[in-house]
Amino acid sequence: MGFMEALREQRWDDHRYYHHSRINQTLHLVSAVSFLIAYVMVFFDPAIAALIGWLVSMTSRQAGHFFFEPRGYDHVNQATHEHKEDIKVGYNLQRKVVLMVLWAASPLVLFVSPTLFGIFEPAASLADFIRQTAKIWLAIGLGGLIARTVQLFFIRDVQTGLVWATKILTDPFHDIKLYYKAPLYLLRGELIDPNHGKHRPHEDDAEEEKVALRPM
């Protein structure tokens with residue numbers, strides 16, 4: 001399987017297994033837009049980019065998965081929740097819990113060591129503390145991406161790791177294309193995508209969008 005085919009495969013599995021809920025799809029749209037803002041801001045102010053990425057993008061994205069995505073038997077894909085968690089290439093819910101706990105608890109390190117063991121100058125104000133926390137969050141985000149990528153090199157293969165990293169970095173662009181109509185369906189009272197996962201998208205990404213979100 002080539003790189004692009006493997007990328008489409010990972011994207012398709014992620015969509016069909018973990019994005020049944022229109023609320024989750026809508027929150028992913030919010031996450032994607034804010035991630036793109038963070039992508040721009042990282043060139044001007046990495047700390048602000050980290051704050052946007054974690055406080056808006058990641059919280060909205062993971063809230064969709066934790067609170068709104070169905071966890072019962074997936075009749076469309078004929079898979080249990082446990083099976084989907086076992087075959088998840090990237091961060092399944094258990095790994096996400098660990099990552100989010102690490103993120104939430106990381107500011108406490110600055111109370112134990114205000115210099116972060118010699119890396120920072122002690123914060124002179126609340127603004128300094130927030131910016132130092134943001135830098136830690138940026139490191140956690142990059143570390144989480146690199147760590148899982150390298151882990152996949154060993155437990156799967158190098159291509160799988162590189163494909164997953166590429167998917168993660170490009171997800172904001174793909175999510176906007178895939179879920180931009182989700183809020184409209186949600187306003188109509190449609191909580192679950194009725195065509196979700198019933199058809200495998202063709203090689204063409206445009207066809208993938210048509211399958212994922214039917215025209216209104």
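Numbers for residues simply follow the sequence, beginning at 1.
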> If only side-chain N and O atoms count, and only distance matters, is there a donor-acceptor pair under 3.5 Å linking Asp193 with His19?
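Note: His19 and Asp193 side chains miss the donor-acceptor criterion.
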> I'd like to know if the side chain of Tyr179 reaches the main chain of His174, judged simply by a donor and an acceptor atom lying under 3.5 Å from each other, with no hydrogens or angles considered.
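Absent.
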> Ignoring hydrogens and angles, tell me if any N or O in the side chain of Asp45 forms a donor-acceptor pair with the backbone of Met41 under 3.5 Å.
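No: the side chain of Asp45 does not pair with the backbone of Met41.
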> Using a cut-off of 6.0 Å, state whether more than 12 heavy atoms not belonging to Glu121 lie near its atom CD.
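At most 12 heavy atoms, drawn from other residues, nucleotides or ligands, come within 6.0 Å of this atom.
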> Just by distance, do the side chain of Gln159 and the backbone of Ala6 share a donor-acceptor pair under 3.5 Å?
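Not at all, since once roles are kept as given, no pair shorter than 3.5 Å links the two residues.
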> Side-chain contact test, heavy atoms from C-beta onward, threshold under 4.5 Å: evaluate it for Leu27 versus Gln62 and give yes or no.
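In short, these two side chains do not touch, never coming nearer than 4.5 Å.
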> Do Tyr73 and Gln78 have side chains that get closer than 4.5 Å, going by heavy atoms?
yes
> So which atom in Pro172 and which in Phe35 form the shortest heavy-atom distance, rounded to 0.1 Å?
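Scanning both residues, the minimum pair turns out to be CG-CB, 3.7 Å.
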> Taking the side chain as everything from C-beta on, heavy atoms only, tell me whether Arg131 gets closer than 4.5 Å to Ile48.
yes
> Taking Asn92 for the side chain and Glu85 for the main chain, is one N or O donor matched with an acceptor at less than 3.5 Å?
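Looks like yes, one N/O pair under 3.5 Å.
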> Which pair of non-hydrogen atoms, one from Arg16 and one from Asn77, has the smallest distance, and what is that distance?
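Scanning both residues completely, I find the closest heavy atoms to be O-ND2, 2.9 Å.
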> Side chain to side chain contact (heavy atoms under 4.5 Å, CB included) for Phe3 and Thr166? Distances and angles first, verdict last.
CA-CA 10 Å; Phe3 187 92; Thr166 301; 3.4 Å; yes
> Are Asp13 and Lys84 ion-paired here, with the side-chain N under 4.0 Å from a carboxylate O?
no
> Which pair of non-hydrogen atoms, one from Arg61 and one from Ser31, has the smallest distance, and what is that distance?
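Nearest pair, atom of Arg61 first, then Ser31: NE-OG, 2.9 Å.
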> Of all heavy-atom pairs between Ala38 and Gly53, which one has the smallest distance, and what is that distance?
CB-N, 4.2 Å
> Between Ile23 and Glu69, does a side chain to side chain contact (heavy atoms under 4.5 Å, CB included) hold up when you go through it step by step?
CA-CA 8 Å; Ile23 298 176; Glu69 194 63 27; over 6 Å; no
> Could you go through Phe153 and Thr160, starting from their C-alpha distance and side-chain angles, then the distance that decides it, and tell me whether this counts as side chain to side chain contact (heavy atoms under 4.5 Å, CB included)?
CA-CA 7 Å; Phe153 289 171; Thr160 299; over 6 Å; no
> Could you pull out all donor-acceptor pairs under 3.5 Å where a side-chain atom in residues 136-144 meets a protein atom, sequence neighbours excluded?
unit_1 : atom_1 : unit_2 : atom_2 : d
Trp137 : NE1    : Trp103 : O      : 3.1
Trp137 : NE1    : Ser106 : OG     : 3.0

> Answer whether the closest heavy-atom distance between the side chains of Thr59 and Trp54 falls below 4.5 Å.
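No - every pair of side-chain heavy atoms lies 4.5 Å or more apart.
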> Are Leu152 and Asp157 packed together at the side-chain level, in the sense that at least one heavy-atom pair is separated by less than 4.5 angstrom?
no
> When you compare the side chains of His83 and Tyr17, does any donor N or O come within less than 3.5 Å of an acceptor on the partner?
no
> Ignoring hydrogens and angles, tell me if any N or O in the side chain of Gln10 forms a donor-acceptor pair with the backbone of Lys167 under 3.5 Å.
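Pair absent, no side-chain N/O of Gln10 close to backbone of Lys167.
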> Where do Met58 and Leu99 come nearest, in terms of heavy atoms and distance?
CE-CD2, 4.4 Å
> Can you confirm whether or not the ring centre of His28 sits under 6.0 Å from the ring centre of His15?
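No, the ring centres sit 6.0 Å or more apart.
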> Can you tell me if Thr80 and Arg71 form a side-chain donor-acceptor pair at under 3.5 Å?
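The answer is no; no qualifying pair exists.
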> Name all pairs fulfilling the ring-ring contact (aromatic ring centres under 6.0 Å, His included) condition that reach into residues 104-133, sequence neighbours left out, sorted by first residue then second.
Phe111-Phe129
> Linking directly or through intermediates, with side-chain heavy atoms under 4.5 Å: list the remaining ILVMFWY members grouped with Val42, chain and number order.
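Joined to Val42, directly or through intermediates: Val40, Phe43, Phe44.
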> Could you tell me if the side chain of Tyr18 sits less than 4.5 Å from the side chain of Asn24, heavy atoms only?
no
> Does the pair Leu93 and His81 meet the rule for a side chain to side chain contact (heavy atoms under 4.5 Å, CB included), with working shown?
CA-CA 10 Å; Leu93 293 182; His81 175 73; 3.6 Å; yes
> Can you name the closest pair of heavy atoms from Ile130 and Leu51 and give their distance?
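Shortest heavy-atom contact: CG2-CD1, 3.9 Å.
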